[in-house]
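Only one structure is covered here, and it is reproduced in the block below.
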Amino acid sequence: MTEQKHTHEPMNVDEALITSEAFLIKYKNVMLGAVVALIVIVGGYLGYKHFISDPKEAKASEAIFKGEQYFGASNYETALNGDSLGYAGFIKLADEFSGTDAGNLANAYAGICYAQLGKYEDATKYLDKFSADDQLVAPAILGTMGNCYAQMNQLDKAAATLLKAADRANSNALSPVYLIQAGQILEKQGKNAEALEAYKQVKVKYPNSFQAMDIDKYIDRASIK
């Protein structure tokens, strides 16, 4: 999930915003968040699928299974809205099975589908309905929401959400990714002191993460301003 290597030399903020790296932050990291969320959500789903006993949960899990297949095939429109063969779509299933784990999961899938389709406002609406307390699914969803806010140019909200995702994850796998994303958004806003703090967290709290290997260039860039 962290295959985006940051190998450019230190540069000022204006230069940073026109590089391919900045382009990826703006346009590709929604997909990064979605992929991370997909993996952890499916992992969580497979975990509870075999242990549910409530008949409504069983029925709900059965109902969203076809949607997961469409989702896995990147057929996001059909996953969202259903097909002509009896699958209702994540939107209807989230409403129909509200209050169940599977209904909650349908909200997450619906939000990610909308994000993949570039409908970021709809994406945040459904992602915000999803609730979880763990250190994998919850921060991954928050990270995806943060990237959606960035796509809508709601930069304050984007940075705050990404920082929250990093804090909630508290892991080498997810936190550095979100901290760097937040830092770059803060740099774009001219909030270099806040960006610097985000970058320093990667260095201090997650020194063994992949991103920590070249975090000094971000720290140097934010420190110059």
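All figures in this text were calculated on a predicted structure; none of them were measured in a lab. The first residue of the sequence shown is numbered 1, and numbering continues consecutively from there.
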*Given side chains that start at C-beta, do those of Leu117 and Leu80 come closer than 4.5 Å, heavy atoms only?*
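The answer is yes, as the side chains (C-beta and beyond) meet within the 4.5 Å cut-off.
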
*Taking the side chain as every heavy atom from C-beta outward, state whether Leu142 and Thr144 have any atom pair closer than 4.5 Å.*
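Contact flag for Leu142/Thr144 side chains = no.
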
*asked:* Could you go through Glu96 and Leu93, starting from their C-alpha distance and side-chain angles, then the distance that decides it, and tell me whether this counts as side-chain contact (heavy atoms from CB on, under 4.5 Å)?
replied: CA-CA 5 Å; Glu96 181 180 351; Leu93 293 174; 4.0 Å; yes

*Check step by step if side-chain contact (heavy atoms from CB on, under 4.5 Å) holds for Leu186 and Asn192.*
CA-CA 7 Å; Leu186 290 164; Asn192 286 41; over 6 Å; no

*Are Tyr206 and Gln211 close enough that a side-chain donor and a side-chain acceptor fall under 3.5 Å?*
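Per modelled atom types, Tyr206 and Gln211 side chains form no pair under 3.5 Å.
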
_What verdict does the ring pair (Phe, Tyr, Trp, His ring centres under 6.0 Å) test give for Tyr120 and Tyr114, after you've listed the backbone C-alpha separation in whole Å, the side-chain angles of each residue and the deciding distance to 0.1 Å?_
CA-CA 6 Å; Tyr120 303 113; Tyr114 273 126; over 10 Å; no

Looking at [X] and [Y], would you say the former's side chain and the latter's main chain have a donor-acceptor pair under 3.5 Å?
X      : Y      : answer
Asn104 : Ser131 : yes
Ser175 : Asn172 : no
Asn81  : Glu77  : yes
Asp95  : Ile91  : no
Thr100 : Phe97  : yes

_Give me each pair satisfying ring-ring contact (aromatic ring centres under 6.0 Å, His included) with a member in residues 186-205, each pair once, sequence neighbours excluded._
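Qualifying pairs: Tyr199-Tyr218.
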
*Using the six-membered ring wherever Trp is involved, compare the ring planes of Tyr87 and Tyr70 and label them parallel, tilted or perpendicular (cut-offs 30° and 60°).*
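If you compare the ring of Tyr87 with that of Tyr70, the planes turn out tilted.
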
*Please, which pairs that meet salt bridge (charged side-chain N to carboxylate O under 4.0 Å, His left out) have at least one residue in residues 170-183, sequence neighbours excluded?*
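Every pair satisfying salt bridge (charged side-chain N to carboxylate O under 4.0 Å, His left out) with a residue in residues 170-183: there are none.
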
*With sequence neighbours excluded, what pairs up with Lys191 under the salt bridge (charged side-chain N to carboxylate O under 4.0 Å, His left out) test?*
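In terms of salt bridge (charged side-chain N to carboxylate O under 4.0 Å, His left out), with neighbours along the sequence ignored, Lys191 is linked to Asp156.
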
*Yes or no on side-chain contact (heavy atoms from CB on, under 4.5 Å) for Gln201 and Asp167, after CA distance, side-chain angles and deciding distance?*
CA-CA 10 Å; Gln201 282 191 56; Asp167 182 64; 6.0 Å; no

_Trace of the side-chain contact (heavy atoms from CB on, under 4.5 Å) decision for Leu127 with Ile112_ = CA-CA 7 Å; Leu127 293 172; Ile112 295 169; 4.2 Å; yes

